[in-house]
Every structure is written in C-alpha cells, then in structure tokens.
Number of protein chains: 2
Amino acid sequence: MPRDASVTRNGIIAAAGKLFYRGGIRSVSVDDVAAAAGVTKRTLYYHFRSKDDLIAAYVESRDSPTVAIVLGWMDEVDGSLADKFAAVFGHLARLARKPGWRGCGFLRMAAELVATPGHPALKAAASHKKAVERAFAARIAAAGFDDAAARARQVMVLFDGAFSSMLVHRDGAYAQAAGEAAAGLFLAPRRARRR
Amino acid sequence: MPRDASVTRNGIIAAAGKLFYRGGIRSVSVDDVAAAAGVTKRTLYYHFRSKDDLIAAYVESRDSPTVAIVLGWMDEVDGSLADKFAAVFGHLARLARKPGWRGCGFLRMAAELVATPGHPALKAAASHKKAVERAFAARIAAAGFDDAAARARQVMVLFDGAFSSMLVHRDGAYAQAAGEAAAGLFLAPRRARRR
DNA sequence: GTCTATAAGCCGATAGAC
DNA sequence: GTCTATCGGCTTATAGAC
C-alpha cells in the first residue's frame, strides 16, 4: 500500500539534507540519497524531476527553521542588543566545535553552484540570507537604533565571515572575534558610520 | 623536442586555475584542464600524480600573489589605517562587480573540499588565510595599535564575510558595509574590546 | 507509487609506443 | 616527455512491470 506522498517526499528531502550538508552536493549521488532514504531511485525521480530540483527543495526546507534557530538564540537572552548578538556568535562558536559541523550550508551551496547563476537553490540561499538580515534589522530597529538596515548588513557580514573563517581554520575563535566586533556596533544608540 | 618541464607544468597549473576558479573543482574534468593547457591527459599525469595533486599545486600557486595584491591595495593609499582598510574593501567591491568574479577561490576551495579534511589544498588555503591575517596584524601593529592580533582577526572575519555575502547576493554593497565596520575599528589607537 | 533493470555518457587514471 | 587509445567504474536519468 503506497504511503502518503508527502511523507515519502519529506523523507527523501531529509535524507538528502543530511548527505548534502555532510559532503556537499556534487560528491553525493542520487543513488546515495535514495539508499539513505530507503527508497529506490525510481521513486525519487517520481517525486523530484531532477537532482537539481531535489537540491532546491532541500535548501528551501532549511530556510525557516534556520531563521528560527538564530532568532531563538537572541530571544533567550535577557539583556542589551549587544548581549543578544554576542550570544548569537557564541552559539556559532559552540556549534563549530561539534564534530559534524561543516559550516553554513547556504554559503557552501553558493560556493558549489557558482557556475550556474540561475539555479533555484542559489536563489533560495540568497533569499534565506536576506531573511536573516531583515530579521536582524527588525531587532535592531526595535532596540531603538537608527540606520537599522545598514547596521544589520554589517552584522550579516560578520555572521557570514564567522562561518567562512571557521570553516577554513576549524577554530571557534573567529566567531568570538566576530561577536566582539558585532557587540561593538551596539554599545549605545547612535548613528551608523557613514563614508 | 620536449619543452622545459617547468614551463609545461606551470602552463597546466595556469589553465587549471582559470577553469577551477570559473567553475569549481568537481565540475572541471582533467580532460578539460588538459585541453585548455594544450597538452594531452597523459602529459598532465606525467607532471601531476593525481587531480588532487594538481588542485593543491593550483592553490599554492595563488597564495603569495594574492597576499601581494591585498597589501598593494593598502600601500597605494597615503592615509590612516582606517583609510587603508577602507581601500581594501573598496577594491573588493569593485572586483565583485566585474563579470568574471566568482568570490574568493580559497574560501570556495574550503567549501568544496569540506568532506576531505586532510586534503593538501585545504591546508594550503588555511595557510594562505593565516598569511593574510598575519600581514594585517603587522600593519596594525606598525600603525601603533595594541592588540594587533585580535584586531587583525576581526578584520579577517569582515574580509571573508565580504567575499561570502557578495558571492550569495552578487552585491558589492556588502564589501562597503564591511569596509565601514573595519574602518570603525581603527578610528583612534585604543585597546581592543574584551569580553 | 514503487519496484528491477538498464541506457548513455562522463570520470579519473593507465598502457604502451616512440 | 609527449603521444594515441582505452579501461573499469560511477553518474544522472529512464523503460516497463505491477
């Protein structure tokens, strides 16, 4: 008896996500994904038109949960905005020290798909990063800082930089450094620096 | 008559570098590299034990030239350290707007080789980023700032973050934002912020 | 909707001549 | 040191049965 279509489909996405995050897109074959999901390749191709389609579905499935995690890090701290951002980067440093950590899946996606500019997964990754940046800007504005958009962009650069530097060096100290720089941006309400 | 070995070898590395930077490692085949270098695959495998060996040689060949380029951006500016770092990020923003720009090859290498932790090319990429960070620290110390190592690490996070955010969004504004944040770290000699 | 089986092509790497 | 030719394996994707 056929199982519910969405259950099978979501199981494939979950299995693909684990493998893609662990090893990257191109090093993981469709056979690998099907085996990990416990279905045959034919079933996988029934639910997804192509491997690229599956990749895009995986990235989209990680968007909202990832934003919620980051905002959760901010909300669980009672303190100033500087404290909240320090907590975010502290959590990044902590995650990066775990054995299975492999950087930011969205940034790695952008790096691996650099030769196919219009790829749906690329658009989804960019859209996700914009969502995080908008969420940062909303918190910054709510805390009474002006130039929230400009400040959020600076925090976002530190956020992505922490992921990238830590992926290269496998050293959580880079997230700590990013957190110090981010906290310094919000020591007191003031105008963002202009050039 | 056989050409000088190093000429052929360097030609292969140069051809590989162009293709690897444009499309990534895994999407470029050994056949592609050999054809672009104007040699046969057998000749390529005479000069390099494997594709991984060629990848490592490519990354190593880009280390010193890349450091020199960045330091050149700082040296051509007569001004404060804040001005010099603003120039660095201004050049990044300018480069990112060029059609062939594909982000930082070293960071993309780290992303694409994430599943093979001991890869020689990965070690070379990490070594290169450390060299840039040390060069930043030397300039910061020479300008009279204390905590040069900690400050250089913060600049490095902004540097890598600018590359990553710009690769995702294809928007030079992220390098400008990073430059503003970096300049803010060096408005006047003072102690780096501690947590 | 899920299965077995296979197509059609590309991959890294090698053999052997000269 | 460089060539032509090719191997065995892996890749994405599809055919046809049930």
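A, B, ... follow the sequence lines: proteins, then strands. Residue 1 opens every chain.
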Nearest-angstrom distance from the residue atom [atom1] of [X] to [atom2] of [N]:
X: A:Ile12; N: C:dG1; atom1: CD1; atom2: P; value: 12 Å
X: A:Leu44; N: C:dG1; atom1: CG; atom2: C1'; value: 13 Å
X: B:Tyr46; N: C:dA15; atom1: OH; atom2: P; value: 16 Å

Who pairs with [X] by ring-ring contact (aromatic ring centres under 6.0 Å, His included), at least two apart in sequence or on another chain?
X: A:Trp73; value: A:His91
X: A:His169; value: A:Tyr174
X: A:Phe106; value: A:His128
X: B:Phe163; value: B:Phe159

Exercise. Is the phosphate of C:dT2, meaning OP1 or OP2, less than 4.0 Å from a side-chain N or O of A:Thr8?
Worked result: yes
Exercise. What ring-ring contact (aromatic ring centres under 6.0 Å, His included) pairs are there with at least one residue in residues 33-58 of chain B, not counting sequence neighbours?
Worked result: B:Phe20-B:Tyr58
Exercise. How does each nucleotide of nucleotides 9-18 of chain D score, in 5' to 3' order, for protein heavy atoms under 4.0 Å: base (B), sugar-phosphate only (S), or none (-)?
Worked result: --SBBBBB--
For this session: Ignoring hydrogens and angles, state whether a donor on the side chain of B:Ser29 or B:Asp32 is under 3.5 Å from an acceptor on the partner side chain.
Result: yes
